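Letters A, B, ... mirror the listed sequences (proteins, then strands); counts begin at 1. Bear in mind that the values here come from a model prediction, so they are computed numbers and not experimental data.
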Amino acid sequence: MINITLPDGSVRQYESGVTAIDIAKSISEGLARNVLSAEVNGEVIDATRSITSDATLKLLTWNDEQGKKTMWHSSAHLMAEALEELYPGIKFGIGPAIENGFYYDVDLNGGSISSEDFPTIEAKMKELAKRKSAFVRTEVSKADAIAYFTEKGDEYKLDLLKDLQDGTITFYQQGNFTDLCRGPHIPDTERIKAIKLMNVAGAYWKGDEKNKQLTRIYGITFTKPTELDEYLHLLEEAKKRDHRKLGKELELFIFSEKVGQGLPLWLPKGTALRERLVDYLKRAQAATGYVQVITPHIAHKDLYVTSGHYDKYGADSFQPIRTPQEGEEFFLKPMNCPHHCEIYKAKPHSYKDLPVRLAEFGTVYRYEQSGELHGLTRVRGFTQDDAHIFCRQDQVKEEFVKVIDLVLMIFKALDFKDYTAQISLRDPENKAKYIGSDENWDKAERSIIEAAEERGLNTVVELGEAAFYGPKLDFMVKDAIGRKWQLGTIQVDYNLPERFELEYTGADNAKHRPVMIHRAPFGSLERFVAVLIEHCAGIFPLWLAPEQAVILPISDKFNDYAKKVSNLLKNSDIRAAVDERAERAGKKIRDAELSRVPYMLVVGEKEEQAGTVAVRKHGEGDLGTMSIEEFADKINSEVNSLINISELN
RNA sequence: GCCGAAGUAGCUCAGCUGGUAGAGCAGCUGAUUUGUAAUCAGCUGGUCGGGGGUUCGAGUCCCUUCUUCGGCUCCA
């Protein structure tokens with residue numbers, strides 16, 4: 001007998017050789033039907049594999065990330081089986097699960113597949129799924145595996161086999177399809193109940209553009225038809241929230257072919273929104289010991305030679321700006337850090353002065369690949385809410401805590417409730433590729449982890465994801481419809497202080513090298529505004545909305561009163577416009593609702609006589625009549641409850 | 001940068017197999033003076049992304065270029 005420990009800590013005894021499915025059945029039939037794979041001693045395996053020694057077991061279902069991945073990976077095999085029946089002679093690359101679904105890369109030998117073929121493929125997949133074919137795992141020798149794919153004529157699988165060790169090779173077979181695969185897979189194809197192929201795209205074999213281009217077919221599957229419906233609904237919702245669409249509709253920003261790709265033009269309303277974000281962060285930073293600096297948009301080549309960026313990015317960047325001076329070259333600044341290093345260097349520092357926190361809303365230019373540009377999330381000119389903190393090694397933790405507080409304050413003000421901190425550390429197997437002493441790295445890594453713990457962050461630690469110059473913490477937020485975005489970042493840098501020979505004088509009267517911390521709570525204003533638009537679907541928090549209220553006179557007889565109301569509100573720092581058009585109230589309300597103005601103030605004869613406004617809230621409707629002062633108080637208290645910088649002190 | 005698709009009025013889109021452009025909204029003008037999601041009428045507006053070609057004739061076919069979209073690769 002063996003002991004199986006379940007996630008709740010309970011221990012059950014089973015015969016050796018029991019499978020996860022057997023165990024699930026012993027708990028309930030329903031659970032057994034839902035099991036997709038199993039995590040045994042931390043490793044995800046087929047739910048149908050035997051367990052022969054004491055183990056901890058977690059049964060994975062659709063509700064587990066890994067369960068979904070298993071399902072989608074198996075779905076890729078199912079699609080491959082369908083494709084092989086429909087397109088005999090087709091060759092297969094790789095077919096993994098991805099964040100939302102799966103894909104398979106195929107070589108059609110000159111043929112083609114388009115989205116018009118999807119219904120046929122989907123129908124075939126459904127037919128095959130219903131056969132309830134089991135996914136059967138077999139261990140094969142490398143020689144046998146090579147023989148199998150040589151006979152089949154699948155050069156891609158043979159290419160993959162080259163890099164595999166004999167003795168670790170497994171095949172999975174379901175129905176008539178056999179694939180080289182590590183697994184794991186779901187018990188049988190019948191668990192796949194809903195299938196949707198999403199799109200086709202070209203993709204190079206092994207991601208290398210020198211290799212042949214394969215056809216990549218994306219799909220997604222579900223354990224219930226309703227889950228597919230929900231997913232399609234979510235996609236539609238995402239489309240409605242697309243910041244590129246809303247940015248145009250709400251007149252926030254545009255792009256112009258003449259100005260250039262990836263160079264956004266901020267319209268008055270977008271600028272108002274952005275400036276408000278900037279003011280907010282500036283006030284918060286002023287309260288937490290930052291000083292603002294301003295540096296030019298271009299810099300001499302030498303700056304980037306010193307920083308090392310010239311060697312690394314020179315040829316792939318905007319090319320140098322020349323001057324009448326022979327051989328002189330300037331570059332558009334791609335980051336603010338080297339400039340800030342020069343500011344730090346401008347005078348000697350004592351250990352007592354540290355940390356020095358230099359902040360700048362610095363606009364930078366990077367020549368991103370044309371195919372990579374996307375709305376405001378990936379542009380060629382953008383403004384970072386950048387700051388560099390120069391501190392002693394023993395201050396790293398405290399500085400991290402402070403930056404975390406700043407980021408959390410912003411998340412609160414913008415209603416991001418769901419976030420995790422991703423901590424990127426060194427690859428412990430390969431410490432040599434990182435710059436800086438082992439001791440400092442250890443300290444810094446520990447400081448970051450402790451800072452995150454102290455603030456109760458949910459963290460995910462990624463080994464080997466650190467930059468060569470230091471470990472970092474990135475905030476991953478989930479938006480209102482569950483999509484993940486990377487926003488704020490905090491990074492330790494041991495490289496630039498070295499290259500710029502930054503120093504401070506310690507208590508021992510000797511020179512020491514400060515630690516540099518890069519941080520950007522928003523990341524960039526462009527990207528942040530894009531995420532914000534998609535998060536709130538264009539319905540901005542009241543403190544940010546370009547217009548907080550619009551006053552709607554019933555007829556032009558009341559335009560004067562409307563203007564008076566607008567002026568009174570302006571005195572209370574409320575942004576309110578008047579809709580003076582000769583339209584009916586219904587039309588004005590409709591337009592105001594569509595442009596997502598938070599409050600509409602309808603004014604007519606009654607209001608003019610009583611000195612009041614009839615308040616209507618966006619998306620909610622009529623709130624009744626109140627005095628102008630009451631309304632102003634209501635707005636201001638609502639705003640204050642959202643942004644409260646004093647919390648930081 | 002690579003592969004695939006698309007580009008028609010300010011916006012959203014229609015325009016079959018080639019026969020010199022349409023709608024709705026927006027805008028303008030006039031009428032209406034209006035009470036919680038679209039008042040009515042009239043009008044303006046396009047070298048059909050740019051360039052080249054085929055043709056008697058090109059929004060429509062071909063080449064080229066730019067931009068956008070979906071992916072790949074990339075992101076200091």
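The side chain of K587(A) places an N or O atom within less than 4.0 Å of a non-bridging phosphate oxygen (OP1 or OP2) of rA26(B). Side-chain N/O atoms of K588(A) include none lying less than 4.0 angstrom from OP1 or OP2 on rU36(B). Checking the phosphate oxygens (OP1, OP2) of rA37(B), no side-chain nitrogen or oxygen of H618(A) falls inside 4.0 Å.
Within a heavy-atom distance below 4.0 Å of RNA chain B, the residues of residues 234-257 of chain A found are R244(A), K248(A), E257(A).
For R616(A) against rA37(B), a side-chain-to-base donor-acceptor contact under 3.5 Å is present. Donor-acceptor pairing under 3.5 Å, judged by distance alone, is present between the side chain of S555(A) and the base of rU33(B).
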Strictly under 3.5 Å: I want the nitrogen or oxygen pairs between protein and nucleotides 74-76 of chain B, one per line.
residue : atom : partner : partner atom : Å
rC74(B) : O2   : R378(A) : NH2          : 3.0
rC74(B) : N3   : E372(A) : OE1          : 3.4
rC74(B) : N3   : R378(A) : NH1          : 3.3
rC75(B) : O4'  : R378(A) : NH2          : 3.4
rC75(B) : N1   : R378(A) : NH2          : 3.2
rC75(B) : O2   : R378(A) : NE           : 3.2
rC75(B) : O2   : R378(A) : NH1          : 3.3
rC75(B) : O2   : R378(A) : NH2          : 3.1
rA76(B) : O4'  : Y313(A) : OH           : 3.1
rA76(B) : O2'  : H309(A) : NE2          : 3.1

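For E607(A), counting side-chain heavy atoms from C-beta on, the closest listed nucleotide (rC72(B), rG35(B), rU33(B)) is rG35(B). With rU39(B), rA37(B), rG35(B) as the choices, the nucleotide that has an atom nearest any side-chain atom of E583(A) turns out to be rU39(B).
Base contact: G371(A) has a heavy atom under 4.0 Å from a base atom. When heavy atoms are screened at a 4.0 angstrom cut-off, A614(A) is found touching base atoms of the nucleic acid.
You'll find the ring centres of Y104(A) and F92(A) inside the 6.0 Å limit. Here Y218(A) and Y103(A) bring their ring centres to under 6.0 angstrom of each other. Between F222(A) and Y231(A), the ring centre distance stays below 6.0 Å.
With D242(A) as reference, R244(A) is the one residue of K240(A), K245(A), K239(A), R244(A) to meet the salt bridge (charged side-chain N to carboxylate O under 4.0 Å, His left out) rule. Remark: of the listed residues L552(A), V602(A), L601(A), L601(A) is the sole one forming a side chain to side chain contact (heavy atoms under 4.5 Å, CB included) with V613(A).
For the residue pair Q261(A)/S370(A), the side-chain donor-acceptor check at 3.5 Å is not satisfied. A donor and an acceptor atom, one from each side chain of N440(A) and Y494(A), are nowhere located under 3.5 Å apart.
For the pair R380(A) and Y367(A), the cation sits on the ring face: its NZ or CZ lies under 6.0 Å from the ring centre, inside 45° of the axis.
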Hey, mind stepping through E534(A) and R483(A) against salt bridge (charged side-chain N to carboxylate O under 4.0 Å, His left out) and telling me if it holds? CA-CA 10 Å; E534(A) 305 216 357; R483(A) 294 168 303 171; 3.0 Å; yes
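The partner of rA9(B) is absent, by the rule that a Watson-Crick or G-U pair needs both atom distances under 3.5 Å. In a base pair of the Watson-Crick type (N1 to N3 plus N6-O4 or O6-N4) or a G-U wobble (N1-O2 and O6-N3), with each distance short of 3.5 Å, rG42(B) is matched with rC28(B).
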